[in-house]
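Written out below as structure tokens is the structure these notes cover.
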Amino acid sequence: MALQDLSILADLNEPQRRAVTHRDGPLLVLAGPGSGKTRVITRRAAQLVASGVPARNILALTFTNKAADEMRRRIRVLGAGEGMWVYTFHALGARLLHEFGPLARVEPSFTIYDEADRLRLIKTAMQACEVGEHLIQPQAVQADISRAKNRLQTPEQYDIGSGFVEDRTVRRVYAAYEKLLEKHNAVDFDDLLMRVAIVLRDHPEIVERLNIRFRYLLIDEYQDTNHAQYLIADYLSQQHENICATGDPDQSIYAWRGADLGNILDFERDHPDAVVVRLEQNYRSTGNILRVASRLIAANHKRKVKDLWTENEPGGPVRVWSFAEGRDEAERIAATIAEQCADERAYGDFAIVYRINAVSRGLEESLRSRGIPYRIARGLEFYNRKEIKDVVAYLRVLVNPADALALLRIINTPARGIGATTLGRLREIAAERGLALIDVVARAREFPKLKTAVRKLAAFTDLLERLRPCVERRVSDAVGDCLRLSGLEASLEEERESGGEDRLANVQELVSAAVRFEEETVEPTLVEFLERVSLVSDQDRVDETAGCVTLMTLHAAKGLEFPVVFIVGLEQGLLPHERSLKQGSRQDGSLEEERRLCFVGITRAKRMLVLSHAAERILRGSWVPRCASQFLAEIDPEAVQCESFRPAARRAPLRPRAAQEPDEDGFVRLDDQLPPNERPRERRPGRPGVFGTIESDAEPDMIELDRGDRDPRAQERSRFADWEPGMFVTHEKYGPGQVVWIRPGGGETRASVRFPTYGEKTFILELSPLSKLERGRKG
DNA sequence: TGGAGCGTAATTTTT
DNA sequence: TTACGCTCCA
């Protein structure tokens, strides 16, 4: 025991040790980025076991399967994993729903509908309610319903007294949607939480039982919990209050999905005798990176202040790169990666992150043209592929014949000549007679209305009958049978042979997944396999060890770290995203969330961080003038080095920089190497206002300064001698902004400055309350 | 029934 | 730019 104790407490700093050894009562661990949070949770779990708590009395909750797997693995290494409950919130929900059964109004064979299923069902519900999609978008209804479920509101309780006409409509659709779910014996992701929370709310005896079973509760990423999750955690710790919440309010980036930052901010109010531990020492990043991050996030109000510090070396300054246009940015980054990989670094050391996926294209092109291997951690997942969903739908129908969504998916896949007309009639009959869709199909002969389709439907029913025994067979066999007997395999084969995509390979990967599932699971059942499939996401498949540059959104980057990180498109309207800048929307405080997003991105970097932006980029197909993100003006100027890169064609002829001569940072100025025909052309500025808030009354261009019509000596005498386009300045009235052009002459210096919210303004510097915000580029 | 052609809209997406 | 959803036609 003593030995184990030692290893559990080894290499912990003081606050970490306090968190690990805390025994009973509520504990809040506020963990800054890179502060060893996962280590604390796993050690704490191991420590509880070492001090005599049976592992099966501990429940650890995470948000992703990946986090759950990782935690399980690390606890096992510490010799304490056996019997501990380590689940995602949703997996726990699914498991408890199976236990609760009728109390939660579900049959044990229930299907879990994913987002796509849910949306389709909402559309069906809207049709049933005669609510046109032009009236209200299905996605909006979906979001509203999701919000309602987070608050445990049933349709009857939905937004009573809100007064919005729209809400009545949503309420009707919500009710119809719930009926459909029930009919299909299905639940959506939110139900996995909502129904559990409701059962707990209404059944104290169950709460009591679960409190005995789970004596210690550990929750990771507590800042991302929504209200339903909050309630579940609260019920599960009601009697013993042994709740340990870990997280970081500054890394809450899912408020738009219902995460309630208040849960973590108010933890101490909810638990007045809570012990609070702050993990403020950062082991990941250099001092400068951490400084930049800290200063930025300090601008937020909704937070718990932490003083992040590190013993790591300060490292080089954080780079702020300014480009004339988005293509330069991509090229420059690709060149830098290629250069650094030529000597000390590997491709896997680099990550390029952005706010929206649309930005990735240009980056991909640049990387590809240099033969740099990359991968994109994108939302298009394995289990979302059509062919995979098709196979899974067969399994779903076998397990849960009431699952009409799955039935509709497979009834004509592969094509069996059962088209929209027939489906319409099937639905009509089902509605008229109050039958399940599958029963109408099975009894097709009884309905003359179906005419010629009867024979096809009978053949389909036959197929299902032949597949039925699958349910009892091994999961991998069931998958194989469905593939073969349904004709899916043949049709995919055909597609491959005629030169199409090899989607068969994907399907075969599903068979492998089934085999793996059988090996890992004690009593593998088809129901469980389907549950697993429904609850995995692609996030779980991001492999950090691959020897590739990683491209991803800021959201996808959370929880990861890389030696070198580029955050691109730091522009007003992109990061912060334009939607967060619109005032008066229901998304209050979303600017703070954007800032947190930026904070998350910055703190992914271990050694080197580059923040870049461009003055113009192609967005939605047209050139749009951009201005630098306000976040660039909010970071610590002392830890930053700004560099602007402009095409040679636009640069001052007075002092042309020698092409290919590395500057003091070891970078080659890429722009000078472009052959003339590849240099950016003069362009009219794109339509203003689409992105960002630029009044482009002035030419939003950087040519002015660099034309060379200034007198270098005059400039030297001026106190604005070192002012340059691209640098950040601040104005007493307008706040931080960025210099667009600057022109000295006749004792006064004129300059134009672009401000995030006020647009571009021209000043006589000698007369204006403008001051430098950061030191400019050297050289 | 399925494909071509057109119009429209456009974050992020742990489960 | 592009992706998707809808309509219309063979």
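Each chain gets a letter, A, B and so on, in the order the sequences are listed, and its residues count up from 1.
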Next on the checklist: Just the rounded figure in Å: distance from P of dT13(B) to CZ of F63(A).
Outcome noted: 16 Å

Checklist entry - How would you label the contact of E593(A) with the nucleic acid (heavy atoms, under 4.0 Å): base, sugar-phosphate, or nothing? => result nothing

Item to check | Salt bridge present between E178(A) and K149(A) (N-O < 4.0 angstrom) | outcome: yes

Next on the checklist: Considering every strand and a 4.0 Å limit on heavy-atom distances, what is the contact class for T421(A): base, sugar-phosphate, or nothing?
Outcome noted: sugar-phosphate

Item to check | pi-stack flag for H555(A) and dT12(B), centroid dist under 5.5 Å, interplanar under 30° | outcome: no

Item to check | Nearest-neighbour nucleotide for the A415(A) side chain, dG2(B), dT1(C), dT14(B) considered | outcome: dG2(B)

Item to check | Any residue meeting side-chain contact (heavy atoms from CB on, under 4.5 Å) with A245(A), in chain and number order, not counting sequence neighbours | outcome: L28(A), Y222(A), F267(A)

Checklist entry - Which nucleotide in the set dT14(B), dT13(B), dA10(B) lies at the smallest distance from any side-chain heavy atom of T64(A)? => result dT14(B)

Checklist entry - Taking atom P in both dG5(C) and dT12(B), what distance in whole Å separates the two? => result 16 Å

Checklist entry - Base, sugar-phosphate alone, or nothing: which one does G417(A) contact when heavy atoms must sit under 4.0 Å apart? => result sugar-phosphate

Checklist entry - If you find the nucleotide of DNA chain B closest to T422(A) and the one closest to A358(A), which residue's nucleotide is nearer the 5' end? => result T422(A)

Next on the checklist: Students often get this wrong, so: under 4.0 angstrom with heavy atoms, is I418(A) touching a base, only sugar-phosphate, or nothing?
Outcome noted: sugar-phosphate

Checklist entry - Any side-chain donor paired with an acceptor under 3.5 Å for T413(A) and D390(A)? => result no

Checklist entry - Tell me: CD of Q137(A) to P of dC4(C), nearest whole Å? => result 15 Å

Below 3.5 Å, can you tabulate the donor-acceptor pairs from side chains in residues 86-97 of chain A to any protein atom, sequence neighbours excluded?
| residue | atom | partner | partner atom | Å |
| --- | --- | --- | --- | --- |
| Y87(A) | OH | R95(A) | NH1 | 2.4 |
| T88(A) | OG1 | A91(A) | N | 2.9 |

Checklist entry - Which value, in whole Å, describes the distance between the C1' atoms of nucleotides dT14(B) and dA3(C)? => result 25 Å

Item to check | M552(A) CE to dT12(B) C1', straight-line distance once rounded to whole Å | outcome: 14 Å

Item to check | Euclidean distance, atom CZ of residue R595(A) to atom P of dT11(B) [Å, nearest integer] | outcome: 22 Å

Checklist entry - If you take atom types as modelled and just measure distance, does the side chain of R257(A) reach the base of dT13(B) with a donor-acceptor pair under 3.5 Å? => result yes

Checklist entry - Rounded to the nearest Å, what distance is computed from the CG atom of residue N150(A) to the C1' atom of nucleotide dT14(B)? => result 13 Å

Next on the checklist: Between dC6(C) and dT11(B), how many Å separate the two C1' atoms, rounded to a whole number?
Outcome noted: 25 Å

Checklist entry - For T553(A) and dT13(B), is the shortest distance between a side-chain N/O and OP1 or OP2 below 4.0 Å? => result yes

Checklist entry - Can you check the L581(A) CG to dT11(B) P distance for me, whole Å? => result 14 Å

Next on the checklist: Looking at R579(A) and dT11(B), is any side-chain donor or acceptor paired with a base atom of the opposite kind under 3.5 Å?
Outcome noted: no

Next on the checklist: Please tell me if N357(A) has a side-chain N or O lying less than 4.0 Å from either OP1 or OP2 of dT12(B).
Outcome noted: yes

Checklist outcome for this item: Sorted by position of nearest nucleotide on DNA chain B, 5' first, the leading residue of E594(A) and R416(A) is R416(A)

Checklist entry - Of the nucleotides dT13(B), dT12(B), dA3(C), which has the atom closest to the R355(A) side chain? => result dT12(B)

Next on the checklist: Can you tell me which nucleotide in dT13(B), dT1(B), dT14(B) comes closest to the side chain of W256(A)?
Outcome noted: dT13(B)

Checklist entry - What integer distance in Å separates I232(A):CD1 from dT14(B):C1'? => result 15 Å

Next on the checklist: Rounded to whole Å, how long is the line connecting atom CG of N226(A) with atom P of dT13(B)?
Outcome noted: 18 Å

Next on the checklist: Determine whether the aromatic ring centres of residues H577(A) and W256(A) are separated by less than 6.0 angstrom.
Outcome noted: no

Item to check | Lys/Arg N to Asp/Glu carboxylate O, D220(A) vs K37(A), below 4.0 Å | outcome: yes

